[in-house]
Amino acid sequence: MHLTQSLLFQAALTVLLLFVTLKLWRTDIRVPMYYWGDTLPQLAVAKSIADGGWIWFIDRLGAPFGFALAAYPQNLTTTSIVLKGLSLFSKEPGFLLNVYWLSTIVAASVNAHLALRVLGYGRSSAIVFATLYAFLPYAFYRNIAHVSLVFTFVPVLAAYAVQMAANTAVSLRSRWGMYVVICAIAQAFDYIYYTFFAAFVFIVAGILAWSYHRSARNARIAFALCAVLVVSATLNLTPSILEWRRDGKPPNDFDKTAAQAEIYGLKLRQLLSPVQPSRLASLRALGEEEKQFPNENENRTTRLGVVLSIGFVAMLAQFLFSPRLAGQPRAAGALTLACVLLATVGGFGALFNLLVTADIRAYNRIVVFIAFFVIVYVAHMADTWRARIDRRERKRWSGAVVPLAMAFVLIVGVLDEGQAARPIVGRYGIDAATFHAERTLVQEIERRHPNGGAVMQLPEAIFTPDNGRVKMQAYDHARAYLASKTLSWSWPSYSSRRKSWYESLGNPADPGFLDRLAASGFVGVWIDRFGYEPYELAKLEGALTARLGPPLEGGLQQRYAYFDLSPRK
């Protein structure tokens, strides 16, 4: 089978397995697959792009001033270019994120297959282990809520690091080398984490090439690729830097500290622990027991699954104790060890944060590099085993052993890793019902205001961090904007100017609050009842009802109340 045909088969297989794992026949692709928490601001960015805007500023949020998103240096330029292209087919933010996320899993699978083939491994090994790489539990745990953490380009960058460390890297002027450079630039114009980790593995690979092979050439290549990453990332962050120089950093932005490197660090226990929620009661119970450990947070998403966990342990054992390990798997083992030493709790990453900068704090996210180095090792072992069988076995059934074994590994691996998608599938029903109920309410509000206007959202909520309030969760105010076509919305408060303006309005229950809102061009007040204790809500709604009459109610459980200000004008 030609390489192009193999890559097409890899893509088709990944699509099929995603369809089954996520039960996509049950979904409306326009409804976000995950409709709460961190997904909501990502959907807001996608909607802004689809409506003709861009990632630096969202004019219909943060009313009356707009939302200067450039001050939040996520800067997903590469991602946003793809979303812009997808918006030619649909303006629905749910469609954009769903399709984008699914396509990145397919692309990661294809890139991992290509990388393994470039490294010299066989077609069947590439198909099996590229699929298991793309289906990392991390991908499902992160889902559309963290499209900044899709790992489309990581296999290419990690594979070239293996080649450098093993002294098998081709020139950057070759076709493969140019593709590596393109992937490095594309990665650097997205979220900073994988760019930082890629620079780290390139530096380590250059050191290993010099140490093992006295190769100054590979050290120079490592330096050149790091330069590409640094220059591209700096250009990508330039709008944020300019925004900070003009208006200062937002008053409520994250206060990152060096200690967070250990709070969000990598844990070996979590790498090797069973995927949760497990279908097996005994393993689910083990997951419950894990909750007793301190600092259990997003680092829970780093589980490798049973196949790659076995590969991880075997690779490190053979790297440490076997001098006969071949060049590329030995390089993969060395790079894995370096990644663990950087990212683990109390590792070199904590020292970097203490001595250099605390901006990189979630070191657990390096798992996507570690996982690729593991599949390099297991692909090597699978090819070695197949070669031994081909040499030694001459019986009729021997030719079927390897395909059956590889199929078994693929099935077990996908079933195991796919358990991480169960929460997504389990939320389909409630998320769809919530989505449609909120859309119905917002459409009714917009029918009352054909000329547009701004809506004040209470309780006041900041970006970011947003820890929620009472039953209201983080970023819930974004929901109204996602269902809206014409109105502007007051969420979020994300600048000193916006904060001062809100404070000037006074208490929402006071009579002057509504007068000052109307003077600022607002046409209504949106109340998320989940954000108030019962006594607070009774006082606020009582005051507004006395002046404006009963509200329009909607959402599941009549969650929202809308008070129309337009009769006051």
J.: Enumerate donor-acceptor pairs with a distance under 3.5 Å from any side-chain N or O in residues 231-238 to protein atoms, sequence neighbours excluded.
T.:
| residue | atom | partner | partner atom | Å |
| --- | --- | --- | --- | --- |
| S232 | OG | V228 | O | 2.8 |
| T234 | OG1 | V230 | O | 2.7 |
| N236 | OD1 | T77 | OG1 | 2.5 |
| N236 | ND2 | N75 | O | 2.9 |
| N236 | ND2 | D190 | O | 3.4 |
| T238 | OG1 | T234 | O | 2.8 |
| T238 | OG1 | L235 | O | 3.4 |

J.: Could you grab the distance from atom OG1 of T79 to atom NZ of K84, nearest 0.5 Å is fine?
T.: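 If we round to the nearest 0.5 Å, T79:OG1 and K84:NZ are 14.5 Å apart.
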J.: Can you tell me if CZ on R30 sees more than 12 non-hydrogen neighbours from other groups inside 6.0 Å?
T.: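 Counting neighbours around CZ of R30, 12 or fewer heavy atoms of other residues, nucleotides or ligands fall under 6.0 Å, so no.
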J.: Evaluate Y494 against F67 for ring pair (Phe, Tyr, Trp, His ring centres under 6.0 Å), listing each step before the verdict.
T.: CA-CA 7 Å; Y494 191 55; F67 182 14; 5.5 Å; yes
J.: Ring pair (Phe, Tyr, Trp, His ring centres under 6.0 Å), that's the test. Do Y481 and W491 meet it? Break it down for me.
T.: CA-CA 9 Å; Y481 168 66; W491 179 85; 8.4 Å; no
J.: How would you list, by chain and number, every residue that makes a side-chain hydrogen bond (donor to acceptor under 3.5 Å, both in side chains) with T131, sequence neighbours excluded?
T.: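 Result, side-chain hydrogen bond (donor to acceptor under 3.5 Å, both in side chains) vs T131: Q10.
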J.: Could you tell me which residues satisfy side-chain hydrogen bond (donor to acceptor under 3.5 Å, both in side chains) with W489, sequence neighbours excluded, listed by chain and number?
T.: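 Counting only residues at least two positions away or on another chain, W489 forms a side-chain hydrogen bond (donor to acceptor under 3.5 Å, both in side chains) with S484.
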J.: Go through the steps for R469 and E460 under the test salt bridge (Lys or Arg N to Asp or Glu O under 4.0 Å), then give the verdict.
T.: CA-CA 10 Å; R469 179 176 174 180; E460 176 80 338; over 6 Å; no
J.: Please confirm whether the ring centroid of F369 lies under 6.0 Å from the ring centroid of F151.
T.: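 Ring-ring flag for F369/F151: false, centres at least 6.0 Å apart.
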J.: Side-chain donor-acceptor contacts of residues 48-58 below 3.5 Å, not counting sequence neighbours, with atom names and distances?
T.:
| residue | atom | partner | partner atom | Å |
| --- | --- | --- | --- | --- |
| D51 | OD2 | K47 | NZ | 3.4 |
| D51 | OD2 | R60 | NH2 | 3.4 |

J.: Do E298 and R365 meet the salt-bridge criterion of a basic N to acidic O distance under 4.0 Å?
T.: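 Looking at E298 together with R365, the answer is yes, because their closest N to O distance falls below 4.0 Å.
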J.: For the rings on F140 and F135, is their centre-to-centre separation under 6.0 Å?
T.: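 Centroid separation for F140 and F135: below 6.0 Å.
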J.: Restricting to salt bridge (charged side-chain N to carboxylate O under 4.0 Å, His left out), what partner residues turn up for R279, sequence neighbours left out?
T.: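 Salt bridge (charged side-chain N to carboxylate O under 4.0 Å, His left out) list for R279, sorted by chain: empty.
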J.: Are R559 and E553 within salt-bridge range, i.e. N to O under 4.0 Å?
T.: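 The answer is no: the pair does not qualify as a salt bridge.
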J.: Do N111 and Y179 pair up side chain to side chain, a donor and an acceptor below 3.5 Å, judged on atom types alone?
T.: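 The criterion, which ignores hydrogens and geometry beyond distance, is satisfied for Y179 and N111.
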J.: Quick one: closest heavy-atom pair of Y34 and P423, and the distance?
T.: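 In terms of heavy atoms, the two residues are closest at CE1-O, 4.4 Å.
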J.: Roughly how far apart are Q419 CD and S278 OG, rounded to 0.5 Å?
T.: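 So the CD of Q419 and the OG of S278 are separated by 4.5 Å.
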J.: Y194 and side chain to side chain contact (heavy atoms under 4.5 Å, CB included): which partner among L229, T152, V368?
T.: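 The side chain to side chain contact (heavy atoms under 4.5 Å, CB included) with Y194 is passed solely by V368 among L229, T152, V368.
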J.: Does F463 have its ring centroid less than 6.0 Å away from the ring centroid of Y475?
T.: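 When the ring centroids of F463 and Y475 are compared, they turn out to be within the sub-6.0 Å range.
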J.: Would you please name every residue forming a side-chain contact (heavy atoms from CB on, under 4.5 Å) with A407, sequence neighbours left out?
T.: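 Here no residue qualifies.
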J.: Tell me, do L17 and V20 make a side-chain contact under 4.5 Å, heavy atoms counted?
T.: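 In short, these two side chains do not touch, never coming nearer than 4.5 Å.
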